[in-house]
Amino acid sequence: MNRYPLWKNILLLLVVAIAFFYSLPNFFPQVPALQIGATKNAAIDAALLARVENALTDAKLPTLGSQLDEKGIAIKFNRDFEKLNDTQAMLQKKLGDQYTVALNSLSTSPAWLNSIHALPMYLGLDLRGGVHFLMQVDMKGALEKNAERYAADTRSLLRDKKIQYAGASREGQNVLVRFREAADRDAAKKELESANQDVIVSNGPDQGDLRTLNIALKEEAKKKIQDGAVQQNMLVLRNRVNASGVAEPIIQQQGADRIVVQLPGVDDPATIKDRLAATATLDLRPVNDDPGALEAAIAGNVPFGSELFEERDGRPVLVRKSVILTGERITDAQPAFENQSNQPIIRVQTDSAGGRILRDYTRENIKKRMAIMLTDNKKTECLLAPVIQDELSTNFQISGRMTTKETNQLSLLIRAGSLAAPMEIIEERTVGPSLGKENIDAGFKSVTYGLIALAAFICVYYLLMGVISTVALVVNLMLLVAVLSMIQATLTLPGMAAIALTLGMAIDANVLINERIREELRGGAKPQEAINTGFERAWGTILDSNVTTLIAGVALLVFGSGPVRGFAVVHCLGILTSMFSAVFVARGIVNFVYGRSKKLDKISIGQIWKPALAAGNAGTEIETTTETTTNAKGA
């Protein structure tokens, strides 16, 4: 009746063992560390690790150990984060721009736990702290980029309206359009003013025989573009961070042109730092193939409106500053391999407007060259300058002596979105716990003291059955922590409050079971029958109460955000683990203690109150026997 089959006992022991090992890493402290990653194609190998260790030895900086894996190099220190800033700067200077040195914190759990992927759960900024980046948005660059885009739109508009012009180029934050005839200038002025209400179109100074129009943005339009640049950059940063797998990042605007990025418990801060700082904007530009232009540029006389670059194979190429297609029109970018050569490439897809622009340009410029330009960290390079062989539409591919790692990195950055304006990291530091060490300790103590208080009460009130309930409660806490660690959840202070609440709710289930068993004993049932019936009848009540609470938790999870959602995740998981521990774990322990006796005479479950008896004889002795219960029923 009260005996589990062997397979069920083995399964319970296996679950408890797994919970123990996967919750264990959370009890090892975190130490400050430096994470070293490669920015592009630099090698991360044992030679680099030896180079870093020698630099630290020369600087007389002791470490707690180092590790080399696919993510890079991690060096652990027994120092405060504030003292690591100088070490970080020293290593960054020695390693150069090919590598990124970032702050991190790593667990001191033994390697054998890491080998079975038993990792500590992430702690939020309010508990653990994390890495803080303050990024400056280049507002001047945002306006210049908008002017470059508007220059391209102006050329398209004048071609559509069949208005003759001698050139349109960006001059600072304005666009200057040149005409040979005053009539063409007047017609263009009328069309440009009607096409865009956010610009001021005025006659510019004559340039010899050329008449000019100056196109400038209105102040309110500039403010709108600048605000939009910050918002778009925040969205792009969020996409990049989410693609990197960072849990619950904080990305918010600070002032008019700055963005704060806080990353709690980052796993690979070096790579994330590189991705945050990268601009990775992709532009398609015409190649200047005018006779003698390339030779003149190589000699130092670069033609007006053009720039000299080198392709990845080292060949010089003269690229016009005018842009055919900007990164805003790109909707997707995926790494792939070319079918014939099996070389790494990037397949790019544009939106419908971008496809129309690309189709019109390539149809009119077959057998001419088009440069694929990538701007990464304010450095512009020509990936490829192929000859247009056929009309292109919304899909094309990028190749050009790239490695698989580089195509993965570039496609992620391009796919995450094009920045509306360049940014740079102007401050990097670690974030201390926002609630202070005292409040953090209080959070951990609340769970500890709550568990002790519940255990003390339940053991006094239910004696041995209370001890069994306490063991089930500890297993429940261990299961919850193990599950949170397995899914690599981020634990915040609201999450700790949910753990404390889970403990209180979990003990309710044990109270229901114990009171059901007492009720059966009061009714005259034999101890073995009372145990079996008590667990079976309590299960329905436990299920009903927990399901209703789970519905509320799911509602918080679906409609909540931030700390509320973190609370809901822990709360829902805690309900599931408490049901398992109260019903199955507690039943397994009870079966082990009492199920071995075929004829059980008594259960240590505390005093069984009998309202029908006088106050002086209100119940049986603490260890109630079957005989006593039967006599009481007969009386």
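The figures that follow rest on heavy atoms only: side chains count, while hydrogens, waters and symmetry mates do not.
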Within the distance-only criterion (no hydrogens, no angle test), does the side chain of [X] pair as donor or acceptor with the backbone N or O of [Y] below 3.5 angstrom?
X: Glu520; Y: Ile517; value: no
X: Gln528; Y: Tyr594; value: yes
X: Thr533; Y: Ala530; value: no
X: Lys76; Y: Thr108; value: no
X: Gln67; Y: Ala74; value: no
X: Glu529; Y: Ile531; value: no
X: Asp45; Y: Leu48; value: yes
X: Gln92; Y: Tyr99; value: yes
X: Tyr22; Y: Ile116; value: yes

Below 4.5 Å, heavy atoms only, C-beta onward: do Ile259 and Gln254 meet side chain to side chain?
no
Could you tell me whether the side chain of Arg587 reaches within less than 4.5 Å of the side chain of Asn591, counting heavy atoms only?
yes
May I ask you to check whether over 12 heavy atoms, not counting those of [X], lie within 6.0 Å of atom [atom1]?
X: Phe592; atom1: CZ; result: no
X: Tyr449; atom1: OH; result: no
X: Asn78; atom1: CG; result: no

Would you say Glu428 and Gln88 are linked by a side-chain donor-acceptor pair, where the criterion is simply a distance under 3.5 Å?
yes
What I want to check is whether the side chains of Asn532 and Arg537 have a donor and an acceptor closer together than 3.5 Å.
no
Could you measure the distance from the [atom1] atom of [X] to the [atom2] atom of [Y]? Nearest 0.5 Å is fine.
X: Gln262; Y: His132; atom1: CD; atom2: NE2; value: 6.0 Å
X: Tyr4; Y: Ile10; atom1: OH; atom2: CD1; value: 14.5 Å
X: Ser23; Y: Ile18; atom1: OG; atom2: CD1; value: 11.5 Å
X: Ser109; Y: Leu119; atom1: OG; atom2: CG; value: 7.0 Å
X: Glu515; Y: Arg522; atom1: CD; atom2: CZ; value: 6.5 Å

N/O donor-acceptor pairs under 3.5 Å from side chains in residues 463-478, not counting sequence neighbours:
{"from": "Ser469", "atom 1": "OG", "to": "Met465", "atom 2": "O", "distance (Å)": "2.9"}
{"from": "Ser469", "atom 1": "OG", "to": "Asn514", "atom 2": "ND2", "distance (Å)": "3.4"}
{"from": "Thr470", "atom 1": "OG1", "to": "Gly466", "atom 2": "O", "distance (Å)": "2.9"}
{"from": "Asn476", "atom 1": "OD1", "to": "Thr577", "atom 2": "OG1", "distance (Å)": "2.8"}
{"from": "Asn476", "atom 1": "OD1", "to": "Ser578", "atom 2": "N", "distance (Å)": "3.1"}

If you compare all heavy atoms of Leu237 against all heavy atoms of Val261, which two are closest, and at what distance to 0.1 Å?
CD1-CG2, 4.1 Å
Mind listing the side-chain donor-acceptor pairs of residues 542-558 below 3.5 Å, one per line with the distance, residues two or more places apart or on another chain?
{"from": "Ser545", "atom 1": "OG", "to": "Thr541", "atom 2": "O", "distance (Å)": "3.2"}
{"from": "Ser545", "atom 1": "OG", "to": "Ile542", "atom 2": "O", "distance (Å)": "3.0"}
{"from": "Asn546", "atom 1": "ND2", "to": "Ile542", "atom 2": "O", "distance (Å)": "2.7"}
{"from": "Thr548", "atom 1": "OG1", "to": "Asp544", "atom 2": "O", "distance (Å)": "3.2"}
{"from": "Thr548", "atom 1": "OG1", "to": "Ser545", "atom 2": "O", "distance (Å)": "2.7"}
{"from": "Thr549", "atom 1": "OG1", "to": "Ser545", "atom 2": "O", "distance (Å)": "2.9"}

Give a yes/no verdict on a cation-pi contact between Arg518 and Tyr461, requiring under 6.0 Å between NZ or CZ and the six-membered ring centre and an angle within 45° of the axis.
yes
Contact list for residues 453-471, test salt bridge (Lys or Arg N to Asp or Glu O under 4.0 Å), sequence neighbours left out:
none
